[in-house]
Amino acid sequence: MNKLINGRTPLYRAVITGYGSFAPAKTLKNEELAKMVDTSDEWITTRTGIKARHITTDNESSAFLATEAAKKALAEANLDVGDIEIIVVATITPEMVFPSTASFVQRTLGAKKAWVFDLAAACTGFVYALSIVQQFIESGRFKNALVIGAETLTKITDWTDRTSCILFGDGAGAIVLEQSNDGRRGILYSTMHSDGERWEALNCQAYGSRYPVTKPLADPKKIYMQINGREVYQQAIRRIVETVNHCMDHCSLTIDEITMLISHQMNARIIESASKRLNLPAEKVFINISEYGNTSAASVPIAFDECVRKGKIKRGDIIILVAFGAGLTWGANIIEF
Ligand SMILES: CC(C)(COP(=O)(O)OP(=O)(O)OC[C@H]1O[C@@H](n2cnc3c(N)ncnc32)[C@H](O)[C@@H]1OP(=O)(O)O)[C@@H](O)C(=O)NCCC(=O)NCCS
């Protein structure tokens, strides 16, 4: 395929040359969660598709997970760390308030040439990051980038709230993008959206400048993620369907031309319901939430890595990455792999 996107074929394209993921060894199964809060494996499985999640220990941080995933992606791409030009870490559970998580990844990898930053767009963070890096590579300004999604959401989970603690897990995924001038393969199109009016649907309010760590919190629960599950559920389906339809129209793609939809893994029912509305058959929709839960910005690159390694996508296939999350934010990338 060699689609003209918006009547424009860039001189260069951002091609995926490496991919990798990493999850902490410790897991928490639904049966174990059911001993902590009033829930059951049956309730969680039928409502979300989640069976277990990976959990970091006190010694495992977001930068650690990010670096482990990055090492695998760099090995796959056969890219020397000294040649990396950009490192972006998409995360809402950063290593520290500052410096960025990406600074720690750069230091541990020894990627001295790179300029680095974090991106906070919650579950849409990785898709946003690909879209930003795509611009730098297509313009010819930079030749490669390491894009990582890394989260330790279980560190901001309220383990006494059964409506949210069943959902989240920890992990990281990474992708190496490199400049190519064959014009055919790579990120073909990205679309990004936000709606700040609905910020309350999903949030974690402490410890930013509104509720600083230096002042006692009137509501101690503000240190945890808070979600309005029903609102998110409805918005997620609506925005995923809208975004994927827009991408297909914009790129003149048909369902037959799509090999795989790789969605942010927030709830298997949300993904299945959106796919049904898009007339995408189950074999064209990758779901791996059962083992990981929702890992926010890490979920798309973890799913991408697994999807390739399980042989479900191969070079030349058309893939849609789509995500929805806090902000609210949503977006998608169309990729010829
Ligand atoms: C959270 C979510 C799984 C809840 O599923 P749901 O089908 O909407 O369930 P409801 O919230 O309507 O709750 C149904 C009942 O189950 C109960 N319930 C909630 N959590 C439960 C749990 N873990 N175990 C057992 N019962 C539970 C509720 O109290 C409610 O009981 P009631 O009818 O007696 O009031 C679903 O809304 C969801 O996945 N939302 C999006 C998640 C999200 O925000 N992800 C992050 C952003 S990408």
Side-chain angles (χ1 to χ4, degrees), residues 28-53 90-93 120-128 149 151-171 173 192-196 198-205 221 224-244 261-275 287-290 292-303 321-332:
L28 182 67
K29 295 193 174 71
N30 289 348
E31 292 81 358
E32 296 167 271
L33 247 183
K35 292 179 190 149
M36 297 159 61
V37 285
D38 182 14
T39 190
S40 65
D41 172 47
E42 199 263 332
W43 194 95
I44 303 170
T45 307
T46 52
R47 303 279 177 138
T48 70
I50 301 166
K51 298 292 286 180
R53 64 286 294 145
T91 185
I92 47 164
T93 44
C123 308
T124 318
F126 188 81
V127 168
Y128 267 33
E151 301 283 13
T152 49
L153 294 174
T154 66
K155 293 183 195 273
I156 54 166
T157 296
D158 180 355
W159 293 106
T160 65
D161 174 14
R162 69 174 183 172
T163 64
S164 67
C165 75
I166 56 154
L167 296 171
F168 302 102
D170 301 333
M192 302 298 134
H193 305 273
S194 305
D195 176 7
R198 294 181 191 269
W199 73 269
E200 278 178 295
L202 271 163
N203 62 71
C204 179
Q205 298 184 29
K221 294 270 182 196
Y224 300 121
M225 281 181 286
Q226 291 174 340
I227 65 164
N228 179 340
R230 272 185 207 175
E231 186 182 356
V232 174
Y233 195 97
Q234 286 159 4
Q235 282 287 319
I237 295 174
R238 179 180 154 205
R239 297 308 189 182
I240 289 172
V241 172
E242 206 175 88
T243 307
V244 173
L261 177 85
I262 302 179
S263 170
H264 162 51
Q265 309 284 308
M266 72 288 270
N267 180 328
R269 278 170 67 205
I270 293 177
I271 302 170
E272 282 158 4
S273 176
S275 309
I287 300 181
N288 68 347
I289 196 169
S290 63
Y292 295 96
N294 178 348
T295 58
S296 192
S299 95
V300 168
I302 292 174
L321 306 184
V322 66
F324 173 91
L328 298 174
T329 54
W330 61 99

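Owing to the predicted nature of the structure, the values given are computational and were not obtained by experimental measurement. Counting from 1, the numbers follow the sequence of the chain as shown. Note that ligands are numbered from 1 as they come in the structure, with each ligand's atoms numbered from 1 the same way.
In this structure, atom 31 (O) of ligand 1 is not in close contact with the protein, since no protein heavy atom lies within 4.0 Å of it. Protein heavy atoms are found less than 4.0 angstrom from atom 18 (N) of ligand 1. Remark: atom 2 (C) of ligand 1 lies closer than 4.0 Å to no protein heavy atom. There is a protein heavy atom less than 4.0 angstrom from atom 26 (N) of ligand 1.
Of all heavy-atom pairs spanning Gly149 and Ala298, the tightest one is O-CB, 3.4 Å. The two atoms that bring Val300 and Ala323 nearest to each other are CG2-CB, 4.4 Å, heavy atoms only. In plain terms, the two heavy atoms of Ala297 and Thr91 that are nearest each other are CB-N, 4.3 Å. Of all heavy-atom pairs between Ile156 and Thr93, the closest is CD1-CG2, 3.8 Å.
Checked by distance only, ligand 1 and Ser40 stay at 3.5 Å or farther apart across all their nitrogen or oxygen atoms. Checked against a 3.5 angstrom limit, the closest N/O atoms of Gly229 and ligand 1 fall inside it. Ligand 1 has an N or O atom lying under 3.5 Å from an N or O atom of Arg230, backbone or side chain. Residue His264 places no N or O, backbone or side chain, under 3.5 Å from any N or O of ligand 1.
Interface atoms of ligand 1 facing Ile166, defined by a heavy-atom separation under 4.0 Å, are 23 (N). For ligand 1, the atoms sitting less than 4.0 Å from at least one non-hydrogen atom of Leu202 are 44 (O), 46 (C), 47 (C), numbered in the order shown with element in parentheses. Under a 4.0 Å criterion applied to the non-hydrogen atoms of Asp38, ligand 1 contributes the atoms 24 (N), 25 (C). Counting the atoms of ligand 1 from 1 in the order shown, those under 4.0 Å from a heavy atom of Arg269 are 7 (O). For ligand 1 and Arg47, the ligand atoms under 4.0 Å from any heavy atom of the residue are 6 (P), 7 (O), 9 (O), 14 (C). In the vicinity of Thr48, heavy-atom distances shorter than 4.0 Å reach the ligand 1 atoms 3 (C). Atoms of ligand 1 found under 4.0 Å from any heavy atom of Ile227, numbered from 1 in the order shown, are 44 (O). Per-residue contacts place Phe324 under 4.0 angstrom from the following atoms of ligand 1 (heavy atoms of the residue considered): 48 (S).
Distance CE/Met225 to CG/Leu153: 4.5 Å, rounded to 0.5 Å. Taken from CD1 in Ile227 to CG in Asn294, the straight-line distance is 9.0 Å, to the nearest 0.5 Å. Put simply, CZ on Phe324 and OG1 on Thr124 are 7.5 Å apart, with the number rounded to the nearest 0.5 Å. Within the model, atoms CG of Leu167 and OG of Ser296 stand 12.0 Å from one another, a figure rounded to the nearest 0.5 Å. Rounded to the nearest 0.5 Å, atoms CD1 (Ile302) and NE2 (His264) are 11.0 Å apart. To the nearest 0.5 angstrom, Gln226 atom CD is 6.0 Å from Gln205 atom CD.
Looking at Arg239 and Glu242, a side-chain N of the basic residue comes within less than 4.0 Å of a carboxylate O on the acidic one, giving a salt bridge. Ion pair Asp170/Arg53 not flagged as a salt bridge, since none of the NZ, NE, NH1 or NH2 atoms sits closer than 4.0 Å to an Asp/Glu carboxylate oxygen.
Counting only heavy atoms of the protein, atom 36 (C) of ligand 1 lies nearest to Tyr233 CD1, 3.9 Å. Protein heavy atom nearest atom 48 (S) of ligand 1, with residue, atom name and distance: Met266 CB, 3.5 Å. Annotation: atom 43 (C) of ligand 1 to nearest protein heavy atom, Val232 CG1, 3.7 Å. Of the protein's non-hydrogen atoms, the one nearest atom 23 (N) of ligand 1 is Arg162 O, 2.9 Å. Distance from atom 42 (C) of ligand 1 to its nearest protein heavy atom, with residue and atom name: Leu167 CD1, 3.8 Å. In terms of protein heavy-atom proximity, atom 38 (C) of ligand 1 is nearest to Asn267 ND2, 3.6 Å. The protein heavy-atom contact nearest to atom 45 (N) of ligand 1 is Asn294 ND2, 3.8 Å. Ranking the protein heavy atoms by distance from atom 5 (O) of ligand 1 puts Trp43 CH2, 4.0 Å first.
Using a distance-only test at 3.5 Å, with no hydrogens or angles considered, a donor-acceptor pair links the side chain of Arg162 to the main chain of Asp38. Not a single donor-acceptor pair under 3.5 Å links the side chain of Ser273 to the backbone N or O of Ile270. Put simply, the side chain of Gln265 gets close to the backbone of Asn288: a donor and an acceptor are under 3.5 Å apart.
Under 4.0 Å from ligand 1, not a single heavy atom of Val37 appears. Contacts of Thr39 with ligand 1, taken as heavy-atom pairs under 4.0 Å, involve both backbone and side chain. In Asn228, neither the side chain nor the backbone holds a heavy atom less than 4.0 Å from any atom of ligand 1.
Side-chain contact check for Thr295 and Glu151: no donor-acceptor pair (N or O, by modelled atom type) lies under 3.5 Å.
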